[in-house]
Enquirer: 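Questions regarding the structure given below will be posed in turn.
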Amino acid sequence: MTEFAARVEGISISGIREVFEAAGEDAINLGLGQPDFPTPEHARSAAVEAIQSGQVDAYTSNKGTESLREAISHAYDRDHGIDVDPGNVIATSGGSEALHLAVEAHVDPGEEVIFPDPGFVSYDALTRLADGVPKPVPLREDLTLDPATVEETITEDTAAFVVNSPANPTGAVQSEADIREFARIADEHDVLCISDEVYEHIVFEGEHHSPIEYAESDNVVVVGACSKTYSMTGWRLGWVTGSNRRVERMLRVHQYMQACASAPAQYAAEAALTGPREPVEEMVTAFEERRDVVLDGLEDAGLSVPKPSGAFYVMPKVPDGWVDELIDSGVVAVPGDAFGANGAGYARLSYATGMEELKEALAIIDDVTARVQ
Ligand code: PLP
């Protein structure tokens, strides 16, 4: 008998934390994975009201309140013209739990999960927690995921592949043609596509598309969250949607690991989804302005960086030792290999930081890049 389960021994705490701890208190932090905006006032007030009226004293239905699931369904229709049955939505503890449900409910021990590398850190860890086999695949030069790479990697043991557009850590947005291809691959190979769309509203060029719009089978599940769109990372409210039979399987996992998402957060989320859109529009406009400033700054410093069209990250190619030197000079960035082996030689910079700090950071980046070649 071993003291700890092998599946836990096989994963480690995200490298991102270590970077924060290495930096001094006065450092400019370009390592953050959350918006620097407040949660919209109407969402906060809805939670306060629900708490004071006693509405949140009890469990909600396992799937979440009916009104929240209707709000999520309505938002898909309003924002993307996607038809989602409120009965096929599970409100979760953030997008993180939603990803966990998708993997747990669909991946048997020994089955493979294909995901982008560099990619969001959870995909590898959740696959291992399900005793599955991680299959990280490299990205194109422009840091998007090539559907052909996914298709070539599929074997008879593949249970699922993950699409993440807009993406963390690259900021890349997949073209509509790619998204259609992912849907076709899910259909033709009878493999599940887990579409992580937590950045669906932070898109600067083009429009957000989801494989669920195009798939003819029910081989797509979509993960969403209030975390990034409404600056609600601390509230822990996300969701997963898919066909009835898939949601029913994911609900079995959710029921025993969570019972229901936090009730105050559900009320806040409903208000965020149905309330005024201005806070989201203002945030996205601010991110786009910052993206442009950061891109110019990085290019002026001589770094090569594909133009990201969404989320709030850029991922330039950087020389050896660049991230360490930058951190020593007072700017925190995350080394690309924290997101997978193919991230080596890159750094992730988040621009969820005020413009003044960003400009200061860019001056330091210029200086560091001139020194570290
Ligand atoms: N998916 C991606 C791509 C993310 O970047 C994150 C958070 O950083 C999540 C999912 C998890 O989101 P949440 O905070 O809602 O659990």
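Sequence positions, counted from 1, serve as the residue numbers for this chain. Side chains are part of it too, since the values below use all heavy atoms of this structure and drop only hydrogens, waters and symmetry mates. Indexing begins at 1, ligand by ligand and atom by atom, following the structure's order.
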Enquirer: Does Asp292 pair with Lys307 as a salt bridge, N-O distance under 4.0 Å?
Expert: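 Result for this pair is no, no salt bridge flagged.
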
Enquirer: Determine the sole option in Asn168, Asp337, Asn342 for which the side chain to side chain contact (heavy atoms under 4.5 Å, CB included) test with Pro118 is passed.
Expert: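 That would be Asn342; it is the only one of Asn168, Asp337, Asn342 passing the side chain to side chain contact (heavy atoms under 4.5 Å, CB included) with Pro118.
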
Enquirer: Only heavy atoms of Val198, strictly under 4.0 Å: list the atoms of ligand 1 that pass.
Expert: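 By the 4.0 Å cutoff, the relevant atoms are 1 (N), 2 (C), 4 (C), 10 (C).
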
Enquirer: Assess Lys228 for proximity to ligand 1: is some non-hydrogen atom of it under 4.0 Å away?
Expert: yes

Enquirer: Which residue holds the protein heavy atom closest to atom 6 (C) of ligand 1, what is that atom called, and what is the gap in Å?
Expert: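 So the nearest neighbour among protein heavy atoms is Phe120 CZ, 3.3 Å.
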
Enquirer: I need the atoms of ligand 1 closer than 4.0 Å to a non-hydrogen atom of Ser227, numbered in the order shown.
Expert: 13 (P), 14 (O), 15 (O)

Enquirer: Which atoms of ligand 1 sit under 4.0 Å from any heavy atom of Gly94?
Expert: 15 (O), 16 (O)

Enquirer: So does Glu66 pair up with Arg69, basic N to acidic O under 4.0 Å?
Expert: no

Enquirer: Among Met283, His208, Glu288, find the one that has a side chain to side chain contact (heavy atoms under 4.5 Å, CB included) with Ile202.
Expert: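 Going through the options one by one, the only one that passes is Met283.
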
Enquirer: Please examine the side chains of Tyr76 and Val222, heavy atoms only from C-beta on, and report whether any two atoms are closer than 4.5 Å.
Expert: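 Yes. Closest side-chain heavy atoms under 4.5 Å.
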
Enquirer: So, 4.0 Å and heavy atoms of Arg236: is ligand 1 close enough to count as a contact?
Expert: yes

Enquirer: Could you tell me, atom by atom, which parts of ligand 1 come under 4.0 Å of a heavy atom of Asn164?
Expert: 3 (C)

Enquirer: Closer than 4.0 Å to some heavy atom of Ala225 - which atoms of ligand 1 meet that?
Expert: 15 (O)

Enquirer: Would you mind checking if Lys135 and Glu111 are paired as a salt bridge, meaning a charged N to carboxylate O distance below 4.0 Å?
Expert: no

Enquirer: Check each heavy atom of Tyr123 against ligand 1 and say whether those closer than 4.0 Å belong to the side chain, the backbone, both or neither.
Expert: side chain

Enquirer: Could you tell me whether Tyr199 and ligand 1 have an N or O pair separated by under 3.5 Å?
Expert: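 Yes, there is a polar N/O contact under 3.5 Å.
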
Enquirer: How far is atom 2 (C) of ligand 1 from its nearest protein heavy atom, and which residue and atom is that?
Expert: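 Heavy-atom neighbour on the protein nearest atom 2 (C) of ligand 1: Asp196 OD2, 3.4 Å.
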
Enquirer: Do Arg252 and Arg249 come close enough that some side-chain heavy atom pair is under 4.5 Å?
Expert: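 Side chain of Arg252 against side chain of Arg249, heavy atoms only: contact under 4.5 Å found.
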
Enquirer: Is a side-chain N or O of Thr39 found less than 3.5 angstrom from the main chain of Ser231, in a donor-acceptor match?
Expert: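 Checked: pair present.
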
Enquirer: Do the side-chain N and O atoms of Thr155 and Glu112 include a donor-acceptor pair separated by under 3.5 angstrom?
Expert: yes

Enquirer: Tell me whether Leu99 has any N or O atom under 3.5 angstrom from an N or O of ligand 1.
Expert: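 Such a contact does not occur with ligand 1.
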
Enquirer: Any atoms of ligand 1 less than 4.0 Å from a non-hydrogen atom of Ser96? List them with their elements.
Expert: 11 (C), 13 (P), 16 (O)

